[in-house]
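Please read these numbers as outputs of a predicted model, since none were measured by experiment. Both counts, for ligands and for their atoms, begin at 1 and track the order of listing. Side chains are part of it too, since the values below use all heavy atoms of this structure and drop only hydrogens, waters and symmetry mates. Note that the numbering runs from 1 along the sequence shown for the chain.
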Amino acid sequence: MCGIIAGIKKENVVHDLINCLKKLEYRGYDSAGIACFENHRIERYRSVGKVSELEKIVGSKYSNIGIAHTRWATHGMVNESNAHPHLSTRDGFSVCVIHNGIIENYKELKVLLIKQGYRFESQTDSEVLAHLLHAERKKSSSIIHALQTVREKIVGAYALVAICDKDPNTILGTKKASSLVLGVDEENKQVFLSSDPNSLSGILNQIVFLEESDIVCLEGTEFSIYNNAFNKVDRKITMLDVNNDSVSRGKYQSFMQKEIHEQPNAVAMTLENFLDENSLTAGLFGDIAKRVFGQVEQIIIIACGTSYHAGLVAKYWIEELAKIPVSVEIASEFRYRKSVIKNKTLMIGISQSGETADTLAALNLARNLGLEWIFGICNVQESTLMRICNLSFITRAGPEIGVASTKAFTTQLASLFILALTLAKTKSHISVQDERNFLTQLRHLPNAIASILHEEQNIKNWVKYFQNKQNVLFLGRGIHYPIAMEGALKLKEISYIHAEAYAAGELKHGPLALIDENMPIIAIAPNDDLVHKLKNNLEEVKARGGKLFIIADHGFELQEDTCTKIISLGDHAGFLSPILHVIPLQLLAFHVADSKGHDVDKPRNLAKSVTVE
Ligand code: F6R
């Protein structure tokens, strides 16, 4: 979603700001803007569409201080007036503000500001911040005191940066429930603020994660941080763990394709710490994990989208291996439901970004209801999610840039399987021999994924059957039903083909009515205990003229014919089968979308990280 970048350096910073905006493009946006100083005055440039459009407008402008933004419309249409930065000019000076998040009391503030004579040019909630900061700057001795007062008056979620031409060497920032980091480079005398640390890769490598309500003041190339009580504080500097390679497409035509192919390595990295040993230890999940895992009686998993599907798979693993009841809930539903949570419940939040607003709100709700044990599975160590959890597991997939989640999903699954095994071990439900066997299978998993990626051409051969379809049905049973759901989500979000997933046993209860020669059906058919049941369901589909596309294992009993295509993945992989069966579905979605000429990395209307509800 929206991205913020701001910086001061000794030389021209405009070019850096544009480059950083390009690195933020993957988050999804519809307009972009930049403000900088020219001859001690604030100049602002905005454009609808790609950052490259803004780049053309900015041309070769020179400024050593600037703030820039990519906007993803929430309040107000996609147009130039609604694009950030927002400017407030009167009484001989200007204030310019960029904001991510939502100001909940913006309507009340707007009424007050209009009464004071401020004129609004946009439909956004964010514009109130520019006028409010201007009004407070007029009354205050410094911009930092003005921002302190603004912070007290606003309600909602925000990461904001601001400049004022009364304070020409200064950029201010503050944040609450939205990400903002400080980037520091003492050697080259430059300081930056960004909503996404990855955007700073290649510019500097020291990062400070701001705490809630911190105000940060960049002055010249120095910085100072003030906490909620307005005391000057030191915050820990950490090294930025991203290299430029991970945010470039390399030899691939899109990030999504690259990320699909990175899965063997991403899974290997994620499992590294666990597979060095011959036995699992709860301690790897955090200091209190052993005690918590021993006592836990119920698990609730909270997530959105693809991460939710990972949770659904984990339910099968944890219940079967560790015998602990698990419920899996969509975060946006859970947060507004009056749920009953028993003592000794472990709440697990799964999120690639760790910034998904609904997931964070649901976990905070659980904490406010008195739940002590909050476990986060996340791909970003420095995320908000990681900071609100007291147990955690970091998936080491590396930055995921494509909007459609792929390597984050398979690494979440690998982590959740390790968790299921560790819970089972702590509860004495698996033998030493079983544990060793599972660890051996996990060690083999990256290679197993790699060999499925070799099926890419076979999958590509199926594209012609889907390209011009309006609807596709995905079928699965048992633990592969969530994999069917994930396959349907992947296809719909990047190819814009309507895709639905059904538990195959439900066919007779309604969806069989949809089957005809125009409805391709993708079936996930591993050689597990349910394969015969599934085969019966697929015979019913064939009998009604349905065209079947089956992702099977060796030994699947149906034969290929004009209406039945089969790709076989090899021997059945037991518990790990969902991690393998999802890969052909990712590849199919990618190639269908690509064949339709879509921008697979930035599908329409979607953002990578959903930081507002
Ligand atoms: C789909 C997709 C989304 C995300 C969802 C949650 O491909 O990427 O459905 O899975 O927005 O995001 P995270 O995992 O960052 O909380």
Nearest atoms (heavy-atom pairs only) where Val296 meets Trp373: CA-CZ3, 3.9 Å

Going by the order shown, which atoms of ligand 1 are within less than 4.0 Å of some heavy atom of Thr356? 12 (O), 13 (P), 15 (O), 16 (O)

Please state which protein non-hydrogen atom is closest to atom 11 (O) of ligand 1 and give its distance, to 0.1 Å? Val610 CG2, 4.1 Å

Tell me, yes or no, whether the heavy-atom count around Asp287 atom CG, taken from other residues, nucleotides or ligands under 6.0 Å, exceeds 12. no

Does the ring center of Phe285 lie less than 6.0 Å from the ring center of Phe293? yes

Of all heavy-atom pairs linking Cys304 and Asp358, the shortest is SG-CB, 4.1 Å

Closest to atom 4 (C) of ligand 1 among protein heavy atoms sits Thr306 N, 4.0 Å

Checking a contact table here: which protein heavy atom is nearest atom 15 (O) of ligand 1, and how many Å away? Ser353 OG, 2.7 Å

For ligand 1, which atoms sit closer than 4.0 Å to a heavy atom of Lys490? 1 (C), 7 (O)

Using the benzene-type ring in the case of Trp, are the ring centres of Phe409 and His309 under 6.0 Å apart? no

Return a yes/no value for Ile350: is any of its N or O atoms, backbone included, closer than 3.5 angstrom to an N or O of ligand 1? no

Report yes or no: is the cationic atom of Arg235 (NZ for Lys, CZ for Arg) under 6.0 Å from the centre of the six-membered ring of Phe209, at an angle within 45° of the ring normal? no

Modelled atom types, side-chain donor and acceptor of Thr395 and Gln412, under 3.5 Å: no

Quick one: CG on Leu588 to CD1 on Ile551, what's the gap to the nearest 0.5 Å? 7.0 Å

Does some non-hydrogen atom of Leu385 fall short of 4.0 Å from ligand 1? no

Identify which of Ser383, Ala310, Gly305, Cys304 has a heavy atom lying nearest to atom 6 (C) of ligand 1. Cys304

Check ligand 1 against Ser307 and write out every atom of the ligand that is under 4.0 Å from a heavy-atom position of the residue. 10 (O), 13 (P), 14 (O)

Region of Glu355 engaging ligand 1 - heavy atom pairs below 4.0 Å: neither

Shortest non-hydrogen contact from Asn82 toward Met77: ND2-O, 2.9 Å

For Glu493, atoms of ligand 1 separated by under 4.0 Å from a heavy atom: 1 (C), 7 (O)

Within a distance under 4.0 Å of any heavy atom of Ala404, pick out the atoms of ligand 1 and give their elements. 7 (O)

Could you list which atoms of ligand 1 come closer than 4.0 Å to a heavy atom of Ser351? 13 (P), 14 (O), 15 (O), 16 (O)

